[in-house]
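Just so you know, these numbers come straight off a predicted model, no measurement behind them. Residue numbers begin at 1 in each chain, while the letters A, B, ... track the order of the sequences.
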Amino acid sequence: MSKSLALIGRALTYLALSLAAFVSIFPFFWMVLGTTNTSADIIRGKTTPGGALVDNIIKFLNSFDIARVLFNSFLIAGLGTVLTLLVASLAGYGFEVFRSRFREKIFGGMLLMLSIPFAALMIPLFMMMASFRIINTYQAVILPGIASIFVIFYFRQATKAFPSELRDAARIDGLKEWQIFFYVYMPVMRSTYAAATIIVFMANWNSYLWPLIVLQTNEMKTLTLVVATLTAGYTPDFGVIMVGAIAATLPTLIIFFLLQRRFVEGMLGAVK
Amino acid sequence: MVAEVETSGSMQDRRRGGAASNLARSEQINGWLFIMPALVLLGIFMVYPILWSLWMSFQVGRGMNFSFGGFANIIRLTQDPVFIRALSNTLLFLAVQVPIMLMLALLFASALNDSKLWGRGFFRTAIFLPCVTSLVAYSVIFKSIFALDGIANQALLALQLIENPINWLSDPFWARVVVISAITWRWTGYNMIFYLAAMQNIDRSIYEAAKIDGVPTWARFWFITVPMLKPVILFTAVTSTIGTLQLFDEVNLLTNGGPSDATLTLSLYIYNLSFRFMPSFGYAATVSYVIVILVGVLSLIQFLIARDRRR
Amino acid sequence: MSSVKLRDVRKSFGHVEVIKGVDLDIEDKEFVVFVGPSGCGKTTLLRMIAGLETITAGNLDIGGERMNEVDPSKRGIAMVFQSYALYPHMTVRENMGFALRFARVPKDEIARQVNEAARILALDPLLDRYPKQLSGGQRQRVAIGRAIVRDPEVFLFDEPLSNLDAELRVHMRIELARLHKELKTTIVYVTHDQVEAMTLADKIVVMRDGIIEQAGRPLDLYDDPANQFVAGFIGSPKMNFLAATIVEKAAGNVTLELANHGRARLTLPLTGGTVGEAVTLGVRAEHFGEAGAGGADISLDIDVAEHLGSTSYVYASAGGEALVVEREESRHENGRSHIVVSIDPERAYLFDSQGQRIR
């Protein structure tokens with residue numbers, strides 16, 4: 001009796017997981033399928049591949065200066081990631097290694113600020129950028145995100161695993177504090193940096209609201225903004241949009257499949 | 001900063017008299033130098049704006065013309081039906097979506113935590129995959145799936161679950177359903193990974209001991225897994241709450257707040273107030289402080305509940 | 001000249017003083033071992049000599065120069081850490097030459113010194129490996145090699161053998177003794193293992209609660225401990241302590257009564273002491289005699305006997321007092337539940353209620 005009950009439970013588990021897996025994967029399948037169909041077919045729910053792939057790609061490439069858009073996206077995400085990692089790891093290391101009561105209070109205050117929603121910052125930030133006269137520039141997009149409290153917190157947590165004796169040894173070997181950071185800490189912690197790179201790059205790459213506010217001309221737009229722009233209007237061309245969606249998703253998908261384990265480690269870094 | 005260097009004194013080197021030694025002073029200086037870039041940037045792009053926002057919330061006027069309005073904006077809040085709509089929509093999304101998502105994530109995680117489960121690697125990757133997509137891309141895909149003649153309606157019609165196609169994005173009720181489904185689709189796997197990692201840190205022998213003691217499966221889940229995951233559950237609850245209260249990308253792209261404000265969220269309303277209509281920055285700042293207060297209060301409540309149960 | 005002088009050296013963390021005034025002279029080429037229970041401040045003191053911890057008050061001289069404010073790399077010291085602290089991203093060769101690279105020593109000179117140190121420690125075949133490819137003992141040797149390359153006046157060792165297994169530890173201990181002979185430099189060595197201290201040191205410094213309890217040659221500490229703490233810490237197994245009371249006092253002699261041993265009485269020479277004073281009698285395990293050998297006989301219940309082959313340790317008790325007795329003949333005493341041993345007054349120590357030695 002209980003044996004058959006367990007069997008039913010097992011079957012239900014598989015059923016639920018299969019359903020969840022199907023629901024999770026289907027939109028990806030739909031996206032790929034969509035690139036081969038015309039907009040009308042997509043909206044009609046056509047489930048077979050069509051012949052509009054080349055047409056969709058050409059239309060996508062002609063919709064915007066895509067080379068420029070890709071350059072913008074990679075520059076903003078790439079530069080933003082490098083600066084974020086540098087500033088946040090310096091701070092995380094500094095808070096953990098050089099402890100003082102006063103700095104602990106600052107750190108506590110920063111953790112409280114972690115829950116400040118971006119919505120509360122975007123208006124003053126926009127006005128600030130306007131007064132700096134840097135609306136519609138790369139620096140306006142990148143600057144506000146560099147000092148990410150979350151990433152600082154992540155690096156401080158990770159630094160707890162950095163052996164303090166290595167720093168002692170380096171001091172006896174005659175290294176200055178900044179040399180210890182660049183010649184010992186950074187190479188020793190490279191897997192921490194790798195995990196953080198993935199997370200920060202993805203966040204920057206997918207960022208929507210802030211670029212939407214500060215990037216106002218077509219030649220400054222990122223891929224994310226382009227896909228969103230294509231969607232706006234009364235008759236969006238879904239075939240073209242699917243091509244854009246794939247282009248926007250592909251880098252993160254590739255990173256995910258190449259570095260799956262490190263990716264998850266990076267996400268978990270903060271709670272452990 | 002110089003004053004702080006001299007007055008703060010490190011925890012390790014507080015002395016009872018005399019000047020701090022060179023070594024102690026260099027530790028102090030280095031401590032500040034390492035965190036200085038982050039502090040400066042946070043000061044400019046976080047502390048200053050949040051204070052400015054507070055000041056602005058007491059200003060009235062359009063565009064860049066401000067004048068002090070006292071509590072005028074707060075009074076306007078209470079009489080603004082669109083704000084009330086946005087607030088109740090946001091709270092509705094929060095109350096419905098976050099519990100469903102976390103429950104699903106917990107169930108999937110405990111199912112996948114079974115080492116005897118066949119194909120767990122596949123299921124884990126599949127369920128996690130959505131959170132790799134960009135918010136914009138998936139919103140667009142959902143929009144096409146839930147078009148009036150779209151694949152969702154076709155499938156439901158074919159399965160004979162409905163008789164007439166549902167007008168997903170034009171019906172207030174179904175538009176909300178789509179938004180909630182979309183967010184749940186995107187974030188369930190993300191939360192599941194946290195639970196899964198925490199579950200793998202639980203000592204297997206605890207479950208074996210419980211099995212030998214004759215504790216049934218559901219009780220092992222409820223009385224062992226859930227309490228041991230409490231810190232992680234709290235973490236995911238807080239981050240999900242913050243995320244949902246700031247909901248913008250999905251509603252902006254899927255429904256743009258419609259139909260007739262049925263899916264308008266606070267963040268989208270702030271955006272509309274600031275950048276879509278004639279800018280009303282002071283009032284928008286007031287609305288944004290509503291989110292700040294909500295986040296603060298809800299985080300505190302969740303924290304207190306978790307702490308209370310622990311005792 | 002590479003002597004080390006500490007004068008009234010103090011260290012506080014916040015309001016807690018952990019080093020409470022240390023005076024110590026370490027001679028040139030001397031092998032000095034700091035020993036004491038964990039938390040006694042021995043590692044902190046070593047790190048203060050290294051310059052890794054600031055000195056709150058007092059004076060530190062190395063080679064006749066005040067070093068309180070000098071950067072660790074300029075004190076003429078090298079340090080071997082408990083965890084070895086090898087840079088995991090560098091090969092053995094790079095690890096050993098790292099300090100010289102930052103001292104702007106020419107490349108071929110670095111190579112020469114690294115090779116020389118590798119030769120001394122037989123590290124030649126390992127030079128291009130990474131630390132994680134080495135065994136514990138090899139890492140230990142690399143850590144020592146890294147210190148040798150810097151050609152320091154003073155070597156500092158922080159519990160260097162505590163991460164090795166027992167067999168390797170003995171091996172490395174002998175290796176270290178050999179190295180000291182070969183290098184002819186001053187060594188300051190921290191350990192909590194008194195056997196390491198006894199076997200390696202020219203001078204042992206016994207510490208407790210941030211002060212030096214006693215400093216001296218190993219056998220001097222063993223034969224002539226200054227107080228009950230040192231007596232208990234040096235020597236293995238630990239010295240036995242028996243509660244006693246002075247019951248009689250005659251010219252140059254006192255008579256003790258051992259409370260837990262059927263009021264057995266023991267007379268030994270002592271000029272001080274007052275009748276009625278509570279004292280502690282200290283007897284080493286190896287100093288008990290056969291019953292009737294003179295002094296006082298006490299009868300003990302055997303709890304456990306450990307037979308090590310050449311000798312045996314009998315763990316016994318009487319009146320709630322646990323004692324260890326070393327017995328060479330004990331392997332023939334299997335099955336006995338009692339033994340009677342004598343205490344030789346000539347070889348017994350006496351401590352007052354403060355733990356200070358009075359005889």
Side chain / backbone / both / neither for B/Leu42 at chain A, heavy atoms under 4.5 Å: both
Heavy-atom proximity to chain B below 4.5 Å, by part of A/Phe22: neither
Under 4.5 Å from any heavy atom of chain B - which part of A/Ser207: neither
Can you tell which of B/Gly119, B/Ala137, B/Ser288, B/Ser299 has the highest number of heavy-atom pairs within less than 4.5 Å of chain A? B/Ser288
Name the member of A/Leu212, A/Leu253, A/Ile246, A/Thr249 that forms the most heavy-atom pairs with chain B at distances under 4.5 Å. A/Leu212
Under 3.5 Å, is there a donor-acceptor pair linking the side chains of A/Tyr185 and A/Thr159? yes
Is the B/Phe248 to A/Phe118 ring centre distance short of 6.0 Å? no
Quick check for you: among B/Val140, B/Ile44, B/Leu54, which has the greatest number of heavy-atom pairs under 4.5 Å with chain A? B/Val140
Quick one: does any side-chain atom of B/Ser134 pair with a main-chain N or O of A/Asn206 as donor and acceptor, under 3.5 Å? no
Parallel, tilted or perpendicular, judged at 30° and 60°: which one describes the rings of A/Tyr14 and B/Phe123? tilted
Under 4.5 Å, counting heavy-atom pairs only, tell me which of A/Ile152, A/Val227, A/Leu17 racks up the most with chain B. A/Leu17
Between A/Tyr154 and A/Ser148, do the side chains contain an N or O donor and an N or O acceptor separated by less than 3.5 Å? no
NZ/NE/NH1/NH2 to OD/OE distance under 4.0 Å, B/Glu27 and A/Arg103: no
Nearest-0.5 Å distance, CD of residue A/Gln216 to CG of residue A/Leu225: 11.0 Å
Turns out that what part of B/Ser274 lies under 4.5 Å from chain A's heavy atoms comes down to side chain
Side chain / backbone / both / neither for A/Leu112 at chain B, heavy atoms under 4.5 Å: neither
Who among A/Trp205, A/Phe26, A/Phe28 has the most heavy-atom pairs with chain B under 4.5 Å? A/Phe28
Parallel, tilted or perpendicular: rings of B/Trp187 and B/Tyr190 (30°, 60°): perpendicular
Could you tabulate the donor-acceptor pairs under 3.5 Å formed by side-chain atoms of residues 87-95 of chain A, not counting sequence neighbours?
unit_1  : atom_1 : unit_2   : atom_2 : d
A/Ser89 : OG     : A/Leu85  : O      : 2.7
A/Ser89 : OG     : A/Leu86  : O      : 3.2
A/Ser89 : OG     : A/Tyr193 : OH     : 2.8

Taking atom OG1 of A/Thr13 and atom CZ of B/Phe108, what is their separation to the nearest 0.5 Å? 10.5 Å
Among the listed options A/Gly34, A/Ala248, A/Ala16, A/Pro27, the residue most often paired with chain B at heavy-atom distances under 4.5 Å: A/Pro27
Identify which of B/Thr133, B/Leu253, B/Asn30, B/Ile270 forms the greatest number of heavy-atom pairs closer than 4.5 Å to chain A. B/Asn30
Check each atom of B/Trp55 against the heavy atoms of chain A and say whether the ones under 4.5 Å are side chain, backbone, both or neither. neither
Interface moiety of A/Thr231 toward chain B, non-hydrogen atoms closer than 4.5 Å: both
Of all the residues in residues 46-53 of chain B, which have a heavy atom that comes within less than 4.5 Å of a heavy atom in chain A? B/Met46, B/Val47, B/Tyr48, B/Pro49, B/Ile50, B/Trp52, B/Ser53
Residue among B/Ala198, B/Gly243, B/Ala38, B/Ser144 with most heavy-atom pairs under 4.5 Å to chain A: B/Ser144
Most heavy-atom pairs under 4.5 angstrom with chain B, which of A/Ala147, A/Ala245, A/Ala247, A/Ala228? A/Ala147
If you tally heavy-atom pairs under 4.5 Å against chain B, which of A/Met128, A/Lys176, A/Met31 wins? A/Met128
Using non-hydrogen atoms only, which part of B/Val292 is less than 4.5 Å away from chain A: side chain, backbone, both, or neither? both
Sorted by chain and residue number, the salt bridge (Lys or Arg N to Asp or Glu O under 4.0 Å) partners of A/Glu96 (sequence neighbours excluded) come out as A/Arg99, A/Arg156, A/Lys160
B/Glu250 side, atom CD; B/Tyr138 side, atom OH - distance, nearest 0.5 Å: 3.0 Å
At a heavy-atom distance under 4.5 Å, which candidate from B/Ser57, B/Ala155, B/Pro130, B/Ala284 has the highest pair count against chain A? B/Pro130
Using 30° and 60° as the class limits, which term best fits the ring planes of B/Phe281 and A/Phe126: parallel, tilted or perpendicular? tilted
Euclidean distance, A/Asn204 CG relative to A/Ile146 CD1, rounded to 0.5 Å: 9.5 Å
Between atom CD1 of B/Ile242 and atom CG of B/Leu247, what is the distance when rounded to the nearest 0.5 Å? 14.0 Å
Would you mind checking which part of B/Leu117 comes under 4.5 Å of any heavy atom in chain A, side chain (CB onward), backbone (N, CA, C, O), both or neither? both
Quick one: list whatever passes side-chain hydrogen bond (donor to acceptor under 3.5 Å, both in side chains) with B/Ser240, sequence neighbours left out. none
Spacing of CZ belonging to B/Phe275 relative to CG belonging to A/Leu209, to within rounding of 0.5 Å: 8.0 Å
Checking heavy atoms, do the side chain of B/Tyr271, its backbone, both or neither come under 4.5 Å from chain A? both
For chain A, find which of B/Leu33, B/Leu135, B/Asn256, B/Ile151 contributes the most heavy-atom pairs closer than 4.5 angstrom. B/Ile151
